[in-house]
Structure formats: structure tokens, C-alpha cells
Amino acid sequence: MVAEYTGLAAGGPSLAERVVAWQRQHGRHALPWQQTRDPYRVWLSEIMLQQTQVSTVLGYYERFLERFPDVAALAAAPIDDVLALWAGLGYYSRARNLHRCAQAVVADHGGAFPHNAQTLATLPGIGRSTAAAIAAFCFDERVAILDGNVKRVLTRALGFGDDLAVARHEKQLWALAEGLLPDSEGMVAYTQGLMDLGATLCSQRSPRCNACPLGGECVAKQQGRPEDYPVKTRKLKRSRRQLVLLWLARGDFIWLVRRPTTGIWAGLWSLPEFDSVEALEDAVAGWPGSTQALPTFTHVLTHLDLSLEPVRHQLADGANANANADAELGSRWPEGQWVAYRDLARHGLPAPIAKLLGRSDELFAAQEFVDQGEPL
DNA sequence: GATCCGTGGCA
DNA sequence: TTGCCAAGGAT
């Protein structure tokens with residue numbers, strides 16, 4: 001059931017007019033990706049910002065542009081270079097799709113991004129909302145976005161109380177969003193303004209309705225319960241998974257393997273993973289050197305609590321032993337390689353793995369206490 | 001349609 | 001401690 005946005009019935013400024021005027025005066029204008037209408041830069045920002053907050057993206061965006069200044073440079077780069085710059089941002093399929101998209105733009109579109117949302121949405125990693133954002137920002141196309149911010153703003157303004165977990169209802173909201181669009185001249189400010197409203201005033205928990213340009217026209221504010229929107233039933237049951245990891249070191253080098261192309265951290269470099277501590281111990285039993293269990297720690301994902309159990313094995317020196325070890329390692333992990341600690345940043349590592357390896361001094365210190373029989 | 005895919009911040 | 005989720009998309 002949709003209560004009507006009352007500004008329309010009252011003959012006052014339309015929702016779009018209010019949002020456009022507010023954005024131009026009070027919205028955000030200094031974000032790095034707002035200084036341009038270059039589709040490459042806008043596209044990069046939109047992909048990085050998917051399910052990711054602005055403050056997190058800022059540093060990644062600048063580093064990425066410095067290394068890949070245009071779509072041709074990105075398309076020509078090795079995927080490992082892309083993943084290395086994406087490491088820590090999460091949702092790594094975005095990085096792989098980003099790379100594939102750049103290559104498609106070069107190969108299929110003459111090196112230029114398509115100028116309309118419909119064609120943009122055919123490219124890897126660009127869905128309906130992202131395509132619309134690029135088309136609106138770069139080409140003034142009259143097309144609606146519907147991300148988390150806009151869902152919140154529109155459901156509140158319209159009093160749209162139907163469950164967005166139901167596809168039919170979300171489709172209805174898309175249609176409503178399209179019906180609210182201003183003329184093309186206002187598309188940039190309108191699109192940006194909806195997101196600015198959702199990110200600043202119209203927040204999830206404590207919306208600042210007093211400062212909102214929609215004022216008393218907002219149905220949710222009239223009802224006095226803006227926090228009740230949007231309605232979205234969720235059954236997020238978090239599961240647990242155990243990761244037994246082998247930190248295999250030899251001198252200043254560490255053995256890294258490429259993770260499978262599917263599943264968590266797909267395609268990134270990480271430590272060899274085992275099904276159990278026993279399986280890991282069986283594998284290293286015949287290798288020269290010393291084995292130490294490191295402290296277990298938890299890494300929390302949206303749907304998953306990961307329990308990471310790292311075991312460190314320091315391979316002893318010795319030409320014969322090293323040759324045998326390398327042969328077995330190469331056989332067991334064909335895509336593995338010895339990486340110098342100083343070169344770790346050149347590899348895309350999952351955040352908890354980078355954190356683990358970066359805390360080596362701390363962990364080794366803790367381990368020494370264990371060796372001496374002292375409590376941690 | 002339901003599930004999967006990261007990380008960090010916040011209450 | 002736990003839940004929630006942010007400029008979503010692919011399968």
C-alpha cells in the first residue's frame with residue numbers, strides 16, 4: 001500500500017524539485033568522483049561504492065586511478081595487479097568483473113563506455129542501478145537508480161510499506177522511482193541528491209527530519225515513524241566455518257597459494273588451507289624444521305563467522321631438503337609460489353591474512369612466551 | 001527466489 | 001556480544 005507523496009496533491013514543489021534544490025545547496029560536491037563526468041572514473045567509483053561506505057572507498061579510489069588512469073590501462077593489466085589494489089575492499093568478484101568489463105569496453109565498444117544505461121547494464125558487474133547512476137551522472141539520462149539510500153528515502157517519502165524482500169514490491173518501487181524523475185537537466189543533482197539525503201539526513205536509525213527538504217510532505221514523517229521504513233524481512237542466519245591455515249616460511253619467504261576461482265576470497269593469494277589440523281600436521285610431518293600453533297582468531301563476515309587456525313612451520317635450511325620440499329609443494333599447489341615478505345603488498349591477500357602476516361612480530365613474541373611455558 | 005560474496009563501523 | 005548493513009550483482 002502506497003500513501004501518496006503529499007507534495008503532489010498539494011501542488012507544491014515536486015519531490016524532485018525539492019531534492020534538486022537541496023542537493024545544489026546542501027549536498028556533497030567535493031567527492032573525488034564528482035569532479036568529473038569521465039565514465040571511467042564514475043564507473044570505478046560506482047563499483048567500489050557497491051555495499052561499501054564512502055570513507056572506506058576514498059583511499060582505494062585514488063590509488064587505483066594512479067595505477068590505472070584509464071580503461072585501456074586497466075584492460076591491459078594482469079588480474080593480479082587489479083586484485084592487489086582491491087585487497088581489503090571485499091567482494092572480490094567486483095574486481096574480477098571490473099577487469100572483465102574494462103576488457104569488454106576495449107574489445108567490444110571501441111574503448112569508450114556506452115552512453116546509455118541499457119547497454120551499460122550488459123557489461124560485467126554493472127547491474128540496473130549502477131548502469132543508471134553512470135548514465136545519469138555522465139550523460140544526463142533520465143533513468144532511476146535504486147540503491148540502499150534511495151530505497152530508504154523513497155519508501156519513507158511515499159510511505160511505501162510493502163516488504164521489499166518480495167520481488168513484486170521492489171519492482172513497484174522501481175516504477176515509482178521512475179515516475180518521480182525530473183527533466184534531464186536536473187538528473188545529476190537529483191540522483192546525487194537522493195543518495196546524499198540517504199547518506200546524511202535520512203539515515204537508518206535516527207533520521208534528521210527537521211533538516212529534510214521534503215519536510216512535512218514525507219509520509220513517514222507525518223506518521224511519526226520514519227525508522228519503520230523500508231520494510232524488509234530478513235532471515236540472516238550466520239553460520240560458522242573453520243579455516244586451518246599453513247604459514248609455511250623459509251628464511252624471508254612465505255609460501256602463498258592462489259585460492260579457488262569460486263567461494264570466499266576467490267582468486268586471491270592466501271595461505272594453504274587444510275580440512276583439519278590433523279591433515280595439516282600429516283602434511284608437514286616429513287618436512288625439516290619446527291611447527292608451532294599460532295593463536296586462533298575470528299574473522300566476521302556478513303553471513304559467516306570464520307575461525308582461523310594458523311599453524312606456522314619454519315622450514316630448515318639445507319639444499320637437499322629444500323629441493324624435496326619444493327617438489328612436493330609444487331605438486332600439491334601448482335599455483336603456489338615463494339613470496340618475499342617485503343613483496344606481500346604486491347599480492348592480493350584477504351584482510352585477515354594480511355593482518356595475520358603483518359602482526360608477525362607480535363605473534364612471534366607471543367609464541368616465545370608459549371615456548372617458555374608462560375601464559376599468553 | 002534464495003544464496004553467496006568482505007569489510008568496517010556503529011549502537 | 002550481537003545484529004545490522006552500506007552508492008548491488010551474479011548465479
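Keep in mind that the numbers below use all heavy atoms, side chains included, and drop hydrogens, waters and symmetry copies.
Closest to the side chain of Q51(A), out of dA7(C), dG8(C), dT7(B), is dG8(C). Closest to the side chain of K355(A), from the set dG8(B), dG6(B), dA7(C), is dG8(B). Residue R241(A) places its side chain closer to dC5(B) than to any other of dC5(B), dA10(C), dA6(C). Set against dA6(C), dG6(B), dC4(C), the side chain of R238(A) has dC4(C) as its closest nucleotide.
DNA chain C is contacted by P124(A), G125(A), I126(A), G127(A), R128(A), S129(A), T130(A) of residues 124-138 of chain A, taking any non-hydrogen atom closer than 4.0 Å. Remark: A199(A), Q204(A), R205(A) in residues 198-206 of chain A come within less than 4.0 Å of DNA chain C through at least one heavy atom. Within residues 296-306 of chain A, the residues approached by DNA chain B to less than 4.0 Å at the level of any non-hydrogen atom are H299(A), V300(A), L301(A), T302(A), H303(A), in residue-number order.
Using a 4.0 Å heavy-atom distance criterion, V54(A) is classed as a base contact. Counting any heavy atom pair closer than 4.0 Å across all strands shown, R152(A) reaches sugar-phosphate atoms only and no base atom. If you check every strand for non-hydrogen atoms under 4.0 Å, W43(A) touches nothing.
Phosphate contact (OP1/OP2 of dT7(B), side-chain N/O of Y60(A), threshold under 4.0 Å): absent.
A side-chain donor-acceptor contact under 3.5 Å links R96(A) to the backbone of A266(A).
No hydrogens or angles were tested; on distance alone, nothing pairs the side chain of T56(A) with the base of dG9(B) as donor and acceptor under 3.5 Å.
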